[in-house]
Amino acid sequence: MSAVVMDGKALAAKVKEQVRQKAEKLSRRPGLAVIIVGDNPASRVYVNGKKKDCEECGFYSEEHALPGTAAQEELLELIAALNERGDIDGIMVQLPLPGQFNEQEVLRAIRTDKDVDCFHPYNVGKLMIGEKGFLPCTPAGVMRMLEEYGVDVAGKHCVVVGRSNIVGKPQSILMLQKHATVTICHSRTPDLAEQCRRADILVAAVGKVGLITADMVKEGAVVVDVAMNRNEQGKLCGDVCYEEVTKKASYITPVPGGVGPMTRAMLMENTLYAAVNHGK
Ligand code: NAP
(Lines give C-alpha, C1' and ligand atoms only; values in the text may rest on other atoms or scores of the structure.)
Protein backbone atom coordinates (compact mmCIF):
# COMPACT_ATOMS: atom_id res chain seq x y z
CA MET A 1 0.00 0.00 0.00
CA SER A 2 1.21 3.47 -0.79
CA ALA A 3 0.20 6.61 1.10
CA VAL A 4 -2.10 9.27 -0.30
CA VAL A 5 0.13 12.15 -1.36
CA MET A 6 -1.05 15.46 0.06
CA ASP A 7 -0.57 17.82 -2.87
CA GLY A 8 0.41 21.16 -1.35
CA LYS A 9 1.01 22.73 -4.73
CA ALA A 10 -2.51 22.09 -5.97
CA LEU A 11 -4.10 23.10 -2.67
CA ALA A 12 -2.02 26.29 -2.51
CA ALA A 13 -3.25 27.23 -5.98
CA LYS A 14 -6.83 26.74 -4.79
CA VAL A 15 -6.25 28.82 -1.63
CA LYS A 16 -4.64 31.63 -3.63
CA GLU A 17 -7.56 31.67 -6.04
CA GLN A 18 -9.96 32.01 -3.09
CA VAL A 19 -7.80 34.83 -1.72
CA ARG A 20 -7.82 36.55 -5.12
CA GLN A 21 -11.60 36.41 -5.29
CA LYS A 22 -11.97 37.89 -1.80
CA ALA A 23 -9.35 40.57 -2.48
CA GLU A 24 -11.21 41.59 -5.63
CA LYS A 25 -14.19 42.63 -3.54
CA LEU A 26 -12.15 45.07 -1.42
CA SER A 27 -12.13 48.74 -2.32
CA ARG A 28 -8.32 48.80 -2.58
CA ARG A 29 -5.70 46.16 -3.30
CA PRO A 30 -4.02 44.56 -0.29
CA GLY A 31 -0.37 45.59 -0.17
CA LEU A 32 2.64 43.59 0.96
CA ALA A 33 6.15 44.96 1.52
CA VAL A 34 8.92 42.40 1.38
CA ILE A 35 12.32 43.27 2.79
CA ILE A 36 15.43 41.36 1.80
CA VAL A 37 18.87 42.07 3.20
CA GLY A 38 22.02 40.79 1.51
CA ASP A 39 22.33 38.30 -1.32
CA ASN A 40 21.48 34.91 0.15
CA PRO A 41 20.40 32.91 -2.96
CA ALA A 42 17.72 30.95 -1.07
CA SER A 43 16.23 34.19 0.29
CA ARG A 44 16.18 35.61 -3.24
CA VAL A 45 14.19 32.57 -4.45
CA TYR A 46 11.69 32.94 -1.58
CA VAL A 47 11.25 36.68 -2.16
CA ASN A 48 10.69 36.18 -5.90
CA GLY A 49 8.10 33.52 -5.04
CA LYS A 50 6.25 35.93 -2.75
CA LYS A 51 6.15 38.59 -5.46
CA LYS A 52 4.67 36.06 -7.87
CA ASP A 53 2.08 34.99 -5.26
CA CYS A 54 1.07 38.64 -4.80
CA GLU A 55 0.56 39.02 -8.54
CA GLU A 56 -1.58 35.88 -8.62
CA CYS A 57 -3.72 37.15 -5.76
CA GLY A 58 -4.10 40.63 -7.27
CA PHE A 59 -2.14 42.26 -4.45
CA TYR A 60 0.14 45.26 -4.63
CA SER A 61 3.68 44.31 -3.61
CA GLU A 62 6.96 46.08 -3.29
CA GLU A 63 10.42 44.84 -2.56
CA HIS A 64 13.02 46.62 -0.47
CA ALA A 65 16.49 45.20 -1.02
CA LEU A 66 19.15 46.37 1.41
CA PRO A 67 22.84 45.51 1.00
CA GLY A 68 24.29 42.86 3.30
CA THR A 69 26.37 45.62 4.89
CA ALA A 70 23.30 47.63 5.96
CA ALA A 71 23.01 48.66 9.60
CA GLN A 72 20.27 47.68 12.05
CA GLU A 73 19.21 51.33 12.26
CA GLU A 74 18.68 51.54 8.50
CA LEU A 75 16.40 48.51 8.56
CA LEU A 76 14.47 49.82 11.58
CA GLU A 77 13.92 53.15 9.81
CA LEU A 78 12.60 51.38 6.73
CA ILE A 79 10.18 49.33 8.84
CA ALA A 80 9.06 52.47 10.71
CA ALA A 81 8.25 54.16 7.37
CA LEU A 82 6.34 51.10 6.12
CA ASN A 83 4.43 50.92 9.39
CA GLU A 84 2.97 54.36 8.64
CA ARG A 85 1.97 53.67 5.04
CA GLY A 86 -1.76 53.31 4.36
CA ASP A 87 -1.20 51.25 1.19
CA ILE A 88 0.91 48.63 2.95
CA ASP A 89 -1.05 46.04 4.92
CA GLY A 90 1.69 43.54 5.57
CA ILE A 91 5.43 43.76 6.15
CA MET A 92 7.69 40.77 6.04
CA VAL A 93 11.43 40.59 6.55
CA GLN A 94 13.04 37.62 4.84
CA LEU A 95 15.06 35.62 7.34
CA PRO A 96 17.81 34.86 8.11
CA LEU A 97 19.33 38.33 8.39
CA PRO A 98 23.11 38.81 8.16
CA GLY A 99 24.96 38.38 11.45
CA GLN A 100 25.15 42.06 12.47
CA PHE A 101 21.37 42.28 12.88
CA ASN A 102 19.38 41.71 16.03
CA GLU A 103 16.59 39.66 14.48
CA GLN A 104 14.27 39.82 17.46
CA GLU A 105 14.49 43.62 17.62
CA VAL A 106 13.75 43.81 13.89
CA LEU A 107 10.69 41.56 14.16
CA ARG A 108 9.37 43.55 17.13
CA ALA A 109 9.62 46.76 15.08
CA ILE A 110 6.91 45.58 12.68
CA ARG A 111 3.52 46.94 13.67
CA THR A 112 1.49 44.07 15.09
CA ASP A 113 -1.40 44.62 12.65
CA LYS A 114 1.06 44.31 9.73
CA ASP A 115 2.95 41.31 11.12
CA VAL A 116 1.85 38.86 8.41
CA ASP A 117 4.53 36.31 9.35
CA CYS A 118 3.12 36.22 12.91
CA PHE A 119 6.57 36.50 14.48
CA HIS A 120 5.93 39.48 16.80
CA PRO A 121 5.70 38.40 20.47
CA TYR A 122 2.28 40.06 20.72
CA ASN A 123 0.87 37.89 17.94
CA VAL A 124 2.68 34.81 19.21
CA GLY A 125 1.07 35.46 22.61
CA LYS A 126 -2.37 35.76 21.01
CA LEU A 127 -1.79 32.47 19.25
CA MET A 128 -0.80 30.86 22.53
CA ILE A 129 -4.06 31.84 24.25
CA GLY A 130 -6.16 31.03 21.20
CA GLU A 131 -7.26 34.57 20.35
CA LYS A 132 -8.20 35.28 16.75
CA GLY A 133 -5.40 36.87 14.75
CA PHE A 134 -2.61 36.10 12.37
CA LEU A 135 -1.55 32.47 12.14
CA PRO A 136 2.07 31.48 11.55
CA CYS A 137 2.31 30.54 7.88
CA THR A 138 4.02 27.16 7.90
CA PRO A 139 2.07 25.55 10.78
CA ALA A 140 -1.18 27.05 9.47
CA GLY A 141 -0.38 25.60 6.04
CA VAL A 142 0.08 22.17 7.59
CA MET A 143 -3.25 22.43 9.42
CA ARG A 144 -5.05 23.51 6.25
CA MET A 145 -3.61 20.61 4.32
CA LEU A 146 -4.66 18.08 6.98
CA GLU A 147 -8.13 19.58 7.02
CA GLU A 148 -8.41 19.46 3.24
CA TYR A 149 -7.48 15.77 3.21
CA GLY A 150 -9.97 14.97 5.94
CA VAL A 151 -7.37 14.21 8.60
CA ASP A 152 -8.97 15.09 11.92
CA VAL A 153 -6.36 15.83 14.58
CA ALA A 154 -8.82 15.79 17.51
CA GLY A 155 -7.95 13.02 19.94
CA LYS A 156 -4.93 11.96 17.88
CA HIS A 157 -1.41 11.67 19.15
CA CYS A 158 0.65 14.20 17.21
CA VAL A 159 4.42 14.07 17.46
CA VAL A 160 6.20 17.21 16.30
CA VAL A 161 9.94 16.82 15.78
CA GLY A 162 11.54 20.26 16.16
CA ARG A 163 10.82 23.08 18.61
CA SER A 164 11.76 26.24 16.71
CA ASN A 165 9.76 29.43 17.16
CA ILE A 166 8.92 29.42 13.46
CA VAL A 167 7.71 25.85 13.02
CA GLY A 168 7.84 23.32 15.86
CA LYS A 169 6.40 25.34 18.75
CA PRO A 170 3.53 27.03 16.88
CA GLN A 171 2.75 23.75 15.09
CA SER A 172 2.33 22.08 18.44
CA ILE A 173 0.08 24.86 19.70
CA LEU A 174 -2.19 24.72 16.64
CA MET A 175 -2.51 20.94 17.00
CA LEU A 176 -3.22 21.25 20.71
CA GLN A 177 -5.94 23.81 19.97
CA LYS A 178 -7.53 21.25 17.66
CA HIS A 179 -7.59 18.83 20.60
CA ALA A 180 -4.65 16.62 19.73
CA THR A 181 -2.37 15.14 22.37
CA VAL A 182 0.99 16.59 21.41
CA THR A 183 4.53 15.40 22.02
CA ILE A 184 7.33 17.78 21.05
CA CYS A 185 10.72 16.24 20.29
CA HIS A 186 14.07 17.97 19.82
CA SER A 187 17.79 17.33 19.74
CA ARG A 188 17.88 16.22 23.40
CA THR A 189 15.00 13.74 23.10
CA PRO A 190 16.61 10.45 24.15
CA ASP A 191 14.75 7.94 21.98
CA LEU A 192 13.38 9.79 19.00
CA ALA A 193 12.44 6.62 17.12
CA GLU A 194 10.31 5.37 20.00
CA GLN A 195 8.51 8.73 20.32
CA CYS A 196 7.85 8.87 16.58
CA ARG A 197 6.45 5.34 16.49
CA ARG A 198 3.71 6.49 18.87
CA ALA A 199 2.49 9.13 16.44
CA ASP A 200 -0.83 9.00 14.64
CA ILE A 201 0.33 12.21 12.96
CA LEU A 202 4.06 12.83 12.67
CA VAL A 203 5.42 16.26 11.73
CA ALA A 204 9.11 16.44 10.90
CA ALA A 205 10.58 19.94 11.14
CA VAL A 206 14.28 19.51 11.75
CA GLY A 207 16.36 20.02 8.64
CA LYS A 208 18.27 16.72 8.55
CA VAL A 209 18.23 14.54 5.43
CA GLY A 210 17.15 10.97 6.16
CA LEU A 211 16.26 11.57 9.83
CA ILE A 212 12.86 9.84 9.71
CA THR A 213 13.13 6.26 8.50
CA ALA A 214 10.32 3.74 7.97
CA ASP A 215 11.04 1.92 11.24
CA MET A 216 10.19 5.17 13.09
CA VAL A 217 6.72 5.35 11.59
CA LYS A 218 3.62 3.51 12.78
CA GLU A 219 1.67 1.62 10.12
CA GLY A 220 -1.02 3.96 8.76
CA ALA A 221 0.37 7.15 10.34
CA VAL A 222 -0.01 10.54 8.67
CA VAL A 223 3.42 11.99 7.89
CA VAL A 224 4.05 15.68 7.28
CA ASP A 225 7.51 16.72 6.17
CA VAL A 226 8.15 20.42 6.76
CA ALA A 227 11.87 20.37 6.13
CA MET A 228 13.61 21.72 3.07
CA ASN A 229 17.04 20.22 2.71
CA ARG A 230 19.45 19.54 -0.12
CA ASN A 231 20.72 15.99 -0.43
CA GLU A 232 24.21 15.02 -1.64
CA GLN A 233 23.09 15.40 -5.24
CA GLY A 234 21.84 18.92 -4.48
CA LYS A 235 18.21 17.82 -4.84
CA LEU A 236 15.56 19.37 -2.60
CA CYS A 237 14.32 16.89 0.01
CA GLY A 238 12.82 16.73 3.49
CA ASP A 239 13.67 14.94 6.73
CA VAL A 240 11.63 11.88 5.82
CA CYS A 241 12.97 8.93 3.79
CA TYR A 242 10.09 9.32 1.39
CA GLU A 243 10.36 6.12 -0.65
CA GLU A 244 10.30 3.77 2.34
CA VAL A 245 7.93 5.79 4.55
CA THR A 246 5.31 6.22 1.83
CA LYS A 247 4.79 2.43 1.90
CA LYS A 248 3.81 2.57 5.57
CA ALA A 249 2.01 5.90 5.95
CA SER A 250 -1.65 6.55 5.14
CA TYR A 251 -1.01 10.16 4.05
CA ILE A 252 2.27 11.89 3.30
CA THR A 253 3.51 15.26 2.05
CA PRO A 254 6.13 15.38 -0.70
CA VAL A 255 9.17 17.67 -0.74
CA PRO A 256 9.02 19.73 -2.84
CA GLY A 257 5.33 20.35 -3.46
CA GLY A 258 4.00 19.80 0.06
CA VAL A 259 4.27 22.24 2.94
CA GLY A 260 6.37 24.82 1.05
CA PRO A 261 3.64 26.08 -1.32
CA MET A 262 1.14 26.04 1.56
CA THR A 263 3.38 28.34 3.60
CA ARG A 264 3.36 30.82 0.73
CA ALA A 265 -0.41 30.60 0.35
CA MET A 266 -0.90 31.28 4.08
CA LEU A 267 1.17 34.46 3.77
CA MET A 268 -1.32 35.63 1.17
CA GLU A 269 -4.22 34.77 3.50
CA ASN A 270 -2.59 36.74 6.30
CA THR A 271 -2.06 39.74 4.03
CA LEU A 272 -5.71 39.61 2.99
CA TYR A 273 -6.70 39.35 6.67
CA ALA A 274 -4.59 42.44 7.45
CA ALA A 275 -6.17 44.37 4.57
CA VAL A 276 -9.68 43.47 5.70
CA ASN A 277 -8.81 44.61 9.23
CA HIS A 278 -7.47 47.85 7.81
CA GLY A 279 -10.94 48.43 6.44
CA LYS A 280 -10.29 48.20 2.73
P1 NAP B 1 15.63 25.16 13.34
O2 NAP B 1 15.35 26.47 13.93
O3 NAP B 1 17.04 24.80 12.99
O4 NAP B 1 15.06 24.04 14.33
C5 NAP B 1 15.34 22.69 14.15
C6 NAP B 1 14.78 21.90 15.30
O7 NAP B 1 15.12 20.54 15.11
C8 NAP B 1 15.34 22.30 16.66
O9 NAP B 1 14.30 22.40 17.59
C10 NAP B 1 16.29 21.17 17.01
O11 NAP B 1 16.36 20.88 18.39
C12 NAP B 1 15.65 20.01 16.32
N13 NAP B 1 16.63 18.97 16.03
C14 NAP B 1 17.87 19.08 15.52
N15 NAP B 1 18.45 17.88 15.38
C16 NAP B 1 17.57 16.98 15.84
C17 NAP B 1 17.60 15.57 15.97
N18 NAP B 1 18.65 14.86 15.59
N19 NAP B 1 16.52 14.97 16.51
C20 NAP B 1 15.44 15.67 16.88
N21 NAP B 1 15.35 17.01 16.76
C22 NAP B 1 16.41 17.66 16.26
O23 NAP B 1 14.81 24.91 12.00
P24 NAP B 1 13.35 25.47 11.55
O25 NAP B 1 13.46 26.88 11.17
O26 NAP B 1 12.33 25.02 12.52
O27 NAP B 1 13.18 24.63 10.22
C28 NAP B 1 13.13 23.22 10.22
C29 NAP B 1 13.12 22.72 8.80
O30 NAP B 1 11.96 23.17 8.17
C31 NAP B 1 14.28 23.22 7.95
O32 NAP B 1 14.60 22.22 7.01
C33 NAP B 1 13.69 24.41 7.22
O34 NAP B 1 14.32 24.66 5.98
C35 NAP B 1 12.29 23.93 7.01
N36 NAP B 1 11.28 24.98 6.86
C37 NAP B 1 10.39 24.80 5.89
C38 NAP B 1 9.38 25.70 5.71
C39 NAP B 1 8.37 25.46 4.63
O40 NAP B 1 7.68 26.35 4.25
N41 NAP B 1 8.28 24.23 4.14
C42 NAP B 1 9.28 26.82 6.54
C43 NAP B 1 10.20 26.98 7.57
C44 NAP B 1 11.20 26.03 7.72
P45 NAP B 1 16.97 21.89 19.49
O46 NAP B 1 15.90 22.92 19.72
O47 NAP B 1 17.21 21.03 20.66
O48 NAP B 1 18.20 22.46 18.88
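Treat the numbers as computed from the prediction; the structure is a model and nothing was measured. Each ligand, and each atom within it, is numbered from 1 in the order the structure gives.
Proximity annotation for atom 46 (O) of ligand 1: of Lys169, His186, Arg163, Arg163 comes nearest, heavy atoms only. Heavy-atom proximity to atom 29 (C) of ligand 1, evaluated over Ala227, Gly258, Cys196, is greatest for Ala227. Around atom 17 (C) of ligand 1, the closest heavy atom drawn from Pro256, Ala204, Ala42, Ser187 belongs to Ser187.
Residue Thr263 has at least one heavy-atom neighbour below 4.0 Å for each of these atoms of ligand 1: 39 (C), 40 (O). Listed by number with element, the atoms of ligand 1 under 4.0 angstrom from any heavy atom of Gly162 are 6 (C), 7 (O), 9 (O). When each atom of ligand 1 is checked for a heavy atom of Val167 under 4.0 Å away, the hits are 26 (O), 43 (C), 44 (C). For ligand 1, the atoms lying closer than 4.0 Å to a non-hydrogen atom of Gly260 are 40 (O), 41 (N). Each of the following atoms of ligand 1 lies closer than 4.0 Å to a heavy atom of Lys208: 14 (C), 15 (N). Which parts of ligand 1 touch Val161 is read off a 4.0 Å heavy-atom cut-off, strictly below it: atoms 20 (C), 21 (N). Every atom of ligand 1 is numbered from 1 in the order shown, and the set under 4.0 Å from a heavy atom of Asn229 is 32 (O).
Residue contact annotation: Ala205 has a non-hydrogen atom under 4.0 Å from ligand 1. Within the structure, ligand 1 lacks Cys185 among the residues with a heavy atom less than 4.0 angstrom away.
Of the protein's heavy atoms, Met228 N, 4.1 Å lies nearest to atom 33 (C) of ligand 1. The protein non-hydrogen atom at the shortest distance from atom 31 (C) of ligand 1 is Gly207 CA, 3.9 Å. In terms of protein heavy-atom proximity, atom 18 (N) of ligand 1 is nearest to Leu211 CD1, 3.9 Å. What sits closest to atom 42 (C) of ligand 1 on the protein, heavy atoms only, is Thr138 OG1, 3.2 Å.
Using a cut-off of 4.0 Å between Lys/Arg side-chain N and Asp/Glu carboxylate O, Glu269 and Arg144 are scored as salt-bridged.
Here the shortest heavy-atom pairing between Ser250 and Gly220 reads OG-O, 2.7 Å.
Taken from OH in Tyr242 to CD1 in Ile252, the straight-line distance is 5.5 Å, to the nearest 0.5 Å. With values rounded to the nearest 0.5 angstrom, Asn40 atom CG is found 10.5 Å from Arg44 atom CZ. Note that NZ of Lys52 and OG of Ser61 are 12.5 Å apart. Values are rounded to the nearest 0.5 Å.
Both the backbone and the side chain of Val206 come within 4.0 Å of ligand 1, judged by heavy-atom distances.
Between Tyr251 and Val5 the shortest side-chain heavy-atom distance does not fall below 4.5 Å. Side-chain atoms of Ile91 and Asp115, non-hydrogen and from C-beta on, never get closer than 4.5 Å to each other.
Within a 6.0 Å radius of OH in Tyr122, no more than 12 heavy atoms belonging to other residues, nucleotides or ligands are found. Counting non-hydrogen atoms of neighbouring residues, nucleotides and ligands closer than 6.0 angstrom, the NZ atom of Lys178 reaches no more than 12 such neighbours. In this structure, Asp39 places its CG atom where only 12 or fewer heavy-atom neighbours from other residues, nucleotides or ligands lie under 6.0 Å away.
Looking at ligand 1, you'll find an N or O of Ser164 within less than 3.5 Å of one of its N or O atoms. Taking any N or O of Leu192, backbone or side chain, none lies under 3.5 Å from an N or O belonging to ligand 1. Here's the thing with Val226: one of its N/O atoms is less than 3.5 angstrom from an N/O atom of ligand 1.
Of the N and O atoms on the side chains of Gln100 and Gln72, not one donor lies less than 3.5 Å from an acceptor on the other residue. Judged by distance alone, the side chains of His278 and Asp89 do bring a donor and an acceptor atom under 3.5 Å apart.
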